[in-house]
Enquirer: 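Here it is, the structure, as structure tokens.
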Amino acid sequence: MAGLNQSSADKKIADAMFKWIHSGLAGCSFAVKLSTDELRDKWRTIIVPCPTSTAAVDDIDKLLVAACETDREAVLLIFRDVELVDDLVRLINNLVDRPRWFWVEDKDKPIAASSAGRSRMGIGLRWKMPNALTSFVLGFGPLGFLPPTRRAPYTALTIPVCDQGLYRTAKDPGERHLCDMANEEFGTKENFDLVWAKTEAMKASMVNENDRLAAKAKVTFSLPEDCRSKLKPSQG
């Protein structure tokens with residue numbers, strides 16, 4: 001099954017994604033630390049083509065569930081052939097057609113138009129973990145309408161599957177976020193808070209006002225508004 005034994009081509013894809021995350025271009029100091037070679041075993045990397053059937057999504061879900069049963073703390077799920085906006089919409093629709101996936105939209109805080117003036121909507125993809133917790137998914141890709149901190153070499157999702165972090169102030173203990181991965185690697189709570197502040201400053205320096213909400217962790221993808229009619233309604 002894809003994702004278990006990587007080919008040399010897939011290894012290059014995975015290495016390119018981790019190199020991009022580690023470079024700081026994602027605007028996250030936590031990610032820079034957590035993507036080092038010595039901490040890479042905290043991640044399960046899965047590389048697949050865009051699923052075209054419910055069976056293909058079910059196969060992905062089996063790999064995600066299996067990751068929840070190990071000491072891996074997050075999954076980097078890379079879709080090697082999703083390169084265009086229509087590919088991304090197709091991917092989202094195929095995922096949310098299965099019961100573990102859904103998307104939400106915060107209509108109280110609509111995503112601003114791009115700096116070029118193109119209207120956008122922001123969707124938050126969520127994955128239901130086997131323990132009934134909700135994993136907040138971050139999305140990346142080689143797509144110009146995404147905020148700069150999400151423009152990666154490949155379309156990918158990061159899916160936390162860990163326990164609640166030592167230092168995250170839980171607004172909802174039923175949620176899991178990537179910052180839940182940040183535990184002993186960051187030492188004390190004071191150091192964790194310093195890294196958090198550094199992350200906020202880094203992101204602010206990279207993202208303009210138009211992209212501020214689009215770059216929030218609760219937003220998986222900011223899509224052109226004309227994608228709305230193409231998206232399947234969420235079942236979540």
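No hydrogens, no waters, no symmetry mates; every other heavy atom, side chains included, goes into these values.
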Enquirer: For His177, what residues pass the ring pair (Phe, Tyr, Trp, His ring centres under 6.0 Å) criterion, not counting sequence neighbours?
Expert: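 With neighbours one apart ignored, the set is Phe136.
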Enquirer: With a 3.5 Å cut-off and sequence neighbours excluded, list the donor-acceptor pairs that the side chains of residues 46-54 form with protein atoms.
Expert:
from, atom 1, to, atom 2, distance (Å)
Ser53, OG, Ala56, N, 3.1

Enquirer: Please enumerate all residues that pass side-chain hydrogen bond (donor to acceptor under 3.5 Å, both in side chains) together with Asp87, with sequence neighbours excluded.
Expert: Arg90
Enquirer: Sequence neighbours excluded, which residues qualify as salt bridge (Lys or Arg N to Asp or Glu O under 4.0 Å) partners of Asp61?
Expert: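 Expected list: none.
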Enquirer: Share the residues that join Leu213 in a hydrophobic cluster, the rule being Ile, Leu, Val, Met, Phe, Trp or Tyr side chains under 4.5 Å apart at the heavy-atom level.
Expert: Ile111, Val219
Enquirer: Listed by chain and number, what are the salt bridge (Lys or Arg N to Asp or Glu O under 4.0 Å) partners of Lys218, not counting sequence neighbours?
Expert: Asp106
Enquirer: Test Leu231 against Met121 for side-chain contact (heavy atoms from CB on, under 4.5 Å), laying out the working first.
Expert: CA-CA 11 Å; Leu231 286 171; Met121 62 178 294; 3.9 Å; yes
Enquirer: Determine which pairs satisfy salt bridge (charged side-chain N to carboxylate O under 4.0 Å, His left out) with at least one residue from residues 15-34, sequence neighbours left out, and list them in order.
Expert: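 For residues 15-34, and leaving out neighbouring residues, the salt bridge (charged side-chain N to carboxylate O under 4.0 Å, His left out) pairs sorted by first residue read Lys11-Asp15, Asp15-Arg40.
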Enquirer: Who passes salt bridge (Lys or Arg N to Asp or Glu O under 4.0 Å) against Glu225, sequence neighbours left out?
Expert: Arg228
Enquirer: For Glu209, which residues count as a side-chain hydrogen bond (donor to acceptor under 3.5 Å, both in side chains) partner, sequence neighbours excluded?
Expert: Arg212
Enquirer: For the residue pair Trp127 and Trp101, categorise the inter-ring angle as parallel (less than 30°), tilted (30 to 60°) or perpendicular (more than 60°).
Expert: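 Because their plane-to-plane angle lies in the 30° to 60° range, the rings of Trp127 and Trp101 count as tilted.
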Enquirer: Just to verify, what does Lys107 make a side-chain hydrogen bond (donor to acceptor under 3.5 Å, both in side chains) with, not counting sequence neighbours?
Expert: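 side-chain hydrogen bond (donor to acceptor under 3.5 Å, both in side chains) list for Lys107, sorted by chain: empty.
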Enquirer: Kindly say whether Leu146 contributes a backbone atom to a donor-acceptor pair with the side chain of Arg151 at under 3.5 angstrom?
Expert: yes
Enquirer: Could you give all pairs that pass the ring-ring contact (aromatic ring centres under 6.0 Å, His included) test and reach residues 38-63, with sequence neighbours left out?
Expert: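 Matches after skipping sequence neighbours: Phe18-Trp43.
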Enquirer: By ring pair (Phe, Tyr, Trp, His ring centres under 6.0 Å), which residues pair with Tyr167, not counting sequence neighbours?
Expert: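 For Tyr167 the ring pair (Phe, Tyr, Trp, His ring centres under 6.0 Å) partners, ignoring immediate neighbours, are Phe192.
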